[in-house]
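In what follows, a structure is listed as structure tokens, so that the remarks can point back to it.
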There are 2 protein chains.
Amino acid sequence: MTELQRRPTLMDVAKAAGVSRALVSIVMRGAPGAAESTRQKVLEAARELGYRADSRARLLRSSRTRLLGLIFSSSQPFHAEIVDAAYAEASARGYEIALSAVAAGRPEARAIETLLDVGAEALIIIAPTLSTEELALHARRVPVVSLLREDVGGLVDSVSSDDYAGIRIAVEHLASLGHRQIAHVDGGTAVSSDQRREAYRAEMLRHGLVPVVVPGGPDEETGMRAGQALQADLPTAVIAFNDRSALGIMESFRAAGISIPADISVLGYDDSHFARLSYVQLSSISQDAPLLAAAAVDRAVDRVEGTLPPGRVVRTPHLVLRKTTGHAGAQKVDQN
Amino acid sequence: MTELQRRPTLMDVAKAAGVSRALVSIVMRGAPGAAESTRQKVLEAARELGYRADSRARLLRSSRTRLLGLIFSSSQPFHAEIVDAAYAEASARGYEIALSAVAAGRPEARAIETLLDVGAEALIIIAPTLSTEELALHARRVPVVSLLREDVGGLVDSVSSDDYAGIRIAVEHLASLGHRQIAHVDGGTAVSSDQRREAYRAEMLRHGLVPVVVPGGPDEETGMRAGQALQADLPTAVIAFNDRSALGIMESFRAAGISIPADISVLGYDDSHFARLSYVQLSSISQDAPLLAAAAVDRAVDRVEGTLPPGRVVRTPHLVLRKTTGHAGAQKVDQN
DNA sequence: ATCGTCGTCTAGATCGTTCTAGTCGAACCA
DNA sequence: TGGTTCGACTAGAACGATCTAGACGACGAT
């Protein structure tokens, strides 16, 4: 049985250093107004006692926590990459990140409350599913940045990837390889699915090609079913909603003996972990998660520190070429 | 430009309801000592104002946050499943969960500090890599529960899955199918790798079989390399360190035209998302993440609320039979 | 000598809660 | 009637930080 020891307070440090609480506070915050010699003395005492400021008390008084709330979905591996990058950027700007996941039985609203309770000064929400009204409601209390979703009303910031441009790049890439029959497996009800589907339709028409949309979803299972549906009238190329979907599509082709990219080219979206696996080597549209995350953190910090109005940041995705796309009607190329 | 509105305080509610702060506090906490009639009156006023208790102030005074800190690794999909389950159990016991990820450039120590700063009353760490000394150091301040790692010293709780039993079940399953040449692709430096490797050796010997360990790792790439190494002298069955490794192994077999389970049986570990995919159907040892998570949360809460000493919880994993294991020397069975 | 200024430091109020120690009035009992 | 008990309520002190206002010496200018 261990005695849980009380954590040292400002007062303890002050006593040890023989100065007042206020001075210790000044030193710990790095604020001006302390002589260099005493500053050292205080820092020494603090280190000795293992002092760390109590963020609750600090916040209570100053309403500054230097804490950013980040909401992600635990079931989306792509979100994990964003989380990583956000940590890095936040710490570069002197902020910490508090995480909250949306999961089965844990809606976004709940995640938001938790973050607000621990004192987050701004909220970054990855692909929020809340209505713009609900988002606006929270945005009145605290800056809110929507990541990977654009149509979020005027009160909340958004940092997103240009879905239209991504799809344009995808269609152009495949068209330039000579493909004329390019299908799209959409993301069903997933965020961004509508935008990408419409962009696909528009871009196909612009190239004088006829768009074929097959209903899909954001995961392997729906991808596989779509892949099977596709086989009834096999196109020469397919653009998947995301990499997981692409994986399912490819699997269905593999089961049917259809070879990639000889018989059909497959293009993913997200450039996720899966796409990079050496035995997958999926060509994919990269949204550049680290950059997006950094941009979102930057906006959040800027909003917190300054008084600039909400705005939009849109980044253009780019193509990452691997081995699942090739010339239309090409002979089989070594796939591995 | 939105004016960020001040959130209402106890005092505001008190004024509105015409009572004292203290009484509002009593009502909001659901503590005894308020007449039913005034209780209603106060609740009404609070709802009207949209009052939510400021958790920082509350905590500052009461030193209770009802907040559990959970540390996971953003790169491990298996951890995500645990996070989900932990949320459910925590909320059932009236606690909230604060998440903190370890990622590249963000060590465990950092994650721990963040959680302590936001006021976590206990720490649950998934597969901690800290030394037992460092863990003990934190355990002096706050209850610490180690999840999926057992050798953590006497001061910290541990909730883990019985690796030995898991491997025993794996070997027994394969042996009962008539396999005599059963290889093991280990997890390299990953947590639990040593335990499973040694369990494998012991169990093989117990069955009078000769153990063959191939060095591997916790992901697809290392699994694939191990699979290639395996092909020099192909066994009839292989036990992978985890599902991701198994995926890599199977991929290497597929590339070489070795069919599963006709030519070789493959058994995974974790029963993760991947294993359940309809086109994978990987037989796997399940550690039952939801149960483990619930047990960890329970211990954390018990430690926080009571004064019981640190202890160990060990759960026995079980076999989930799918389509990648079959009789030794069996003819090819329909794999899909 | 007096005054203002500057750098360093401190006392005390304050943030929004909870907790302790009451006060107050009504009911009960002898 | 007077005392005790009890339920409902409140005043004021915490909690651990930050912030404001001002004290104190030293120094330079008048």
Side-chain angles (χ1 to χ4, degrees), chain A residues 4-43 45-46 49-67 96 116-121 141-142, chain B residues 4-43 45-46 49-67 96 113 116-121 141:
Chain A
L4 297 187
Q5 61 188 21
R6 198 177 59 83
R7 80 189 262 171
T9 75
L10 262 194
M11 196 59 207
D12 298 326
V13 179
K15 281 214 191 86
V19 297
S20 71
R21 270 173 327 161
L23 190 55
V24 178
S25 172
I26 287 170
V27 171
M28 296 316 289
R29 278 178 289 143
E36 190 50 34
S37 59
T38 43
R39 192 177 287 273
Q40 290 309 325
K41 191 172 57 178
V42 168
L43 286 176
L49 293 174
Y51 172 80
R52 302 207 67 218
D54 182 322
S55 75
R56 293 87 89 186
R58 158 175 291 173
L59 147 71
L60 179 56
R61 179 61 233 216
S62 71
S63 61
R64 290 305 317 270
T65 50
R66 305 192 75 78
L67 199 60
E96 261 299 341
L116 256 21
D117 277 354
V118 302
E121 294 187 65
R141 292 183 179 269
V142 81
Chain B
L4 297 187
Q5 62 188 22
R6 198 178 61 84
R7 75 191 268 171
T9 75
L10 263 194
M11 195 59 206
D12 298 326
V13 179
K15 280 215 191 85
V19 296
S20 70
R21 268 174 327 159
L23 189 56
V24 178
S25 172
I26 287 171
V27 170
M28 295 317 288
R29 278 178 288 143
E36 189 50 34
S37 60
T38 43
R39 191 176 290 271
Q40 289 309 325
K41 190 172 58 180
V42 168
L43 285 176
L49 293 173
Y51 172 79
R52 297 205 68 217
D54 183 322
S55 74
R56 295 83 90 182
R58 156 175 292 174
L59 147 71
L60 179 57
R61 178 61 233 213
S62 71
S63 61
R64 290 304 318 270
T65 51
R66 306 191 75 78
L67 200 61
E96 260 300 341
E113 280 179 6
L116 256 23
D117 278 354
V118 301
E121 294 188 65
R141 291 181 181 269

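So you know, we letter chains A, B, ... as the sequences are listed, proteins then strands, and number each from 1.
Distance B:Asp54 CG to C:dT14 C1': 14 Å, rounded to the nearest Å. The CG atom of B:Leu10 sits 17 Å away from the P atom of D:dG12 (whole-angstrom rounding). In this structure, the CE atom of B:Met28 is 15 Å from the P atom of C:dC19, given to the nearest Å. Residue B:Leu60 contributes atom CG, which lies 10 Å from atom C1' of C:dT18 at whole-angstrom precision. Distance, B:Met11 CE to C:dT17 C1': 13 Å, rounded to whole Å. If you measure from atom OH of A:Tyr51 to atom C1' of D:dT18, you get 10 Å, rounded to the nearest angstrom. Going from atom CZ of A:Arg29 over to atom C1' of D:dA17 covers 9 Å, rounded to whole Å. Separating the CG atom of B:Leu23 from the P atom of C:dT17 is a distance of 15 Å, rounded to the nearest angstrom.
No N or O donor and acceptor, one from the side chain of B:Arg58 and one from the base of C:dT18, sit under 3.5 Å apart.
Comparing D:dG16, C:dC9, D:dA11 by their closest approach to the side chain of A:Ala57 singles out D:dG16. When distances are taken from the side chain of B:Arg61 to each of C:dC19, D:dG16, D:dT18, the shortest belongs to C:dC19. Ranking C:dG16, D:dA14, D:dT18 by closeness to the A:Ser25 side chain, first place goes to D:dT18. Nearest to the side-chain atoms of B:Arg21 among the listed nucleotides D:dA17, D:dT10, C:dT17 stands C:dT17. The side chain of B:Val19 sits closest to D:dT10 out of C:dT17, D:dT10, C:dC15.
Within the nucleic acid shown, B:Ala22 comes within 4.0 Å of at least one base atom, counting heavy atoms only.
Between A:Pro8 and B:Gly33, the residue anchored nearer the 5' end of DNA chain D, judged by the nucleotide with its closest heavy atom, is B:Gly33.
Look at A:Ser20 and you won't find any side-chain N or O under 4.0 angstrom from OP1 or OP2 of C:dA11. Contact annotation: A:Thr38 side-chain N/O to C:dC9 OP1/OP2 distance is under 4.0 Å.
A heavy-atom distance below 4.5 Å is not found between the side chains of A:Thr9 and A:Asp54. Looking at heavy atoms from C-beta onward, A:Arg21 lies out of side-chain contact with A:Ser25 at the 4.5 angstrom threshold. In this structure the side chain of B:Thr38 reaches within 4.5 angstrom of the side chain of B:Lys41, judged on heavy atoms.
A side-chain donor-acceptor contact under 3.5 Å links B:Glu121 to the backbone of B:Arg66.
A:Arg52 and B:Glu113 are joined by a salt bridge, as a carboxylate oxygen and a charged side-chain nitrogen come within less than 4.0 angstrom of each other.
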